Amino acid sequence: MKPADLFRTALEALLAHKLRTFLSLLGVIIGVFAVTALVSLGEIATYGIKKGLEQIAGRSVVIQPGRNPGGPPLRFTSEDLALLKNLPGKVIPYVFTAATVRDAQGRPLRLRVLGVPGNLPELDPGVELARGRFFTREEARRGTPVAVISSRAQKKLFGEKPAIGASVVLTFGPRKTRVFVIGITKPLGGLFAGLEGVQAYLPYPWVWQNVPWERRGRFDAFELKVPPGVPPNRVAEQAKRLFALRYGEGRVEVQSIEVYAQTLSSITLMLQALLGGIGALSLLVGGIGIMNIMLVS
């Protein structure tokens, strides 16, 4: 039988059994749509994860002390800060500690305290304010007792009451001190909204002056914001070599956020392949069934 005769016979069978033809076409359409939808959902998830990671950390290189079992923890100095300023990007020094506060119901609450410079919003565009303002460089230099708290901290500490201008008593061991809230940061959005902590930004000179243990002039970590066009991994390698020469191999950990982004991308790509494979297998099984019905016809 010629191909034209086969085509004519199949067309006549399709026209003679319209309901069966419609159901067969519907199965093919649903199968193709399912595969396309699964792959698209995987791509949407990849994009959302990347955008959320950029919102939290951007193009960052994080420098922090490495593990030193049995020895004193490494603390960075102003010389380390000056060293990093030779690399491309903006350097953000951090002093980490924690304080005990009272929430809106009077219960004790642990507040994460981040000592930062006064121009943090200029250095890190990811720090955005919902209300109020950030403390200035001069306020930071003088160690003014002012704080910018996260939106989650505002809800925990004040509930429905206004927070701007209110004071919070921070307890560091045996010492209590009062700070005034001048700003509230915007909450994180997207997939990483749950990662926002109960935290407050304060000038790091104030933290040096008020913590009961000796840490004056020391930093706990640095974050290097890499400008567009410069590979973060290359900057991370440069920073790693500088600190290896200064402190020795393994004493300082240098991590690029790009590494985590690449890891997340590879995971989501595997998920996309898995979802696409499942959809394709379902489409193949359905197609074989449809071909069998058409062959019977």
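Since the model is a prediction, treat every value here as computed from it, not as a measurement. Residue numbers start at 1 and run along the sequence shown.
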Close side-chain approach of [X] and [Y], heavy atoms under 4.5 Å:
X	Y	answer
Lys225	Leu123	no
Pro65	Arg251	no
Thr185	Glu128	no
Val235	Ser256	no

I'd like to know whether Phe134 forms a side chain to side chain contact (heavy atoms under 4.5 Å, CB included) with Val116, so could you lay out the CA-CA distance, the side-chain angles of the two residues, the decisive distance to 0.1 Å, and finally the verdict.
CA-CA 11 Å; Phe134 213 87; Val116 295; 4.1 Å; yes
Tell me whether Asn210 contacts the main-chain N or O of Trp206 through its side chain, where contact means a donor paired with an acceptor under 3.5 Å.
yes
Could you tell me whether the side chain of Ser60 and the main chain of Glu223 form a donor-acceptor pair under 3.5 Å?
no
Taking every heavy atom of Leu170 against every heavy atom of Ala99, the minimum-distance pair comes out as CB-CB, 4.0 Å
For Arg178 and Val168: C-alpha separation, side-chain torsions, deciding distance, then whether side chain to side chain contact (heavy atoms under 4.5 Å, CB included) applies.
CA-CA 6 Å; Arg178 186 180 298 272; Val168 179; over 6 Å; no
For the CD atom on Glu249, are there more than 12 heavy atoms of other groups (residues, nucleotides or ligands in this structure) within a distance under 6.0 Å?
no
Sole candidate of Pro203, Pro145, Ser167 that passes side-chain contact (heavy atoms from CB on, under 4.5 Å) when paired with Val179
Pro145
Using atom types as modelled, flag every donor-acceptor pair under 3.5 Å from a side chain in residues 78-89 to any protein atom, sequence neighbours excluded.
from, atom 1, to, atom 2, distance (Å)
Glu79, OE1, Thr77, OG1, 2.8
Asp80, OD1, Arg246, NE, 2.4
Asp80, OD1, Tyr247, OH, 3.0
Asp80, OD2, Thr77, N, 2.9
Asp80, OD2, Thr77, OG1, 3.4
Asp80, OD2, Tyr247, OH, 2.6

Identify the residue among Phe96, Phe219, Phe76 that makes a ring pair (Phe, Tyr, Trp, His ring centres under 6.0 Å) with Tyr204.
Phe219
Going through the distances and angles, do Thr144 and Phe135 end up as a side chain to side chain contact (heavy atoms under 4.5 Å, CB included)?
CA-CA 9 Å; Thr144 308; Phe135 44 84; over 6 Å; no
Residues forming a salt bridge (charged side-chain N to carboxylate O under 4.0 Å, His left out) with Arg234, sequence neighbours excluded:
none
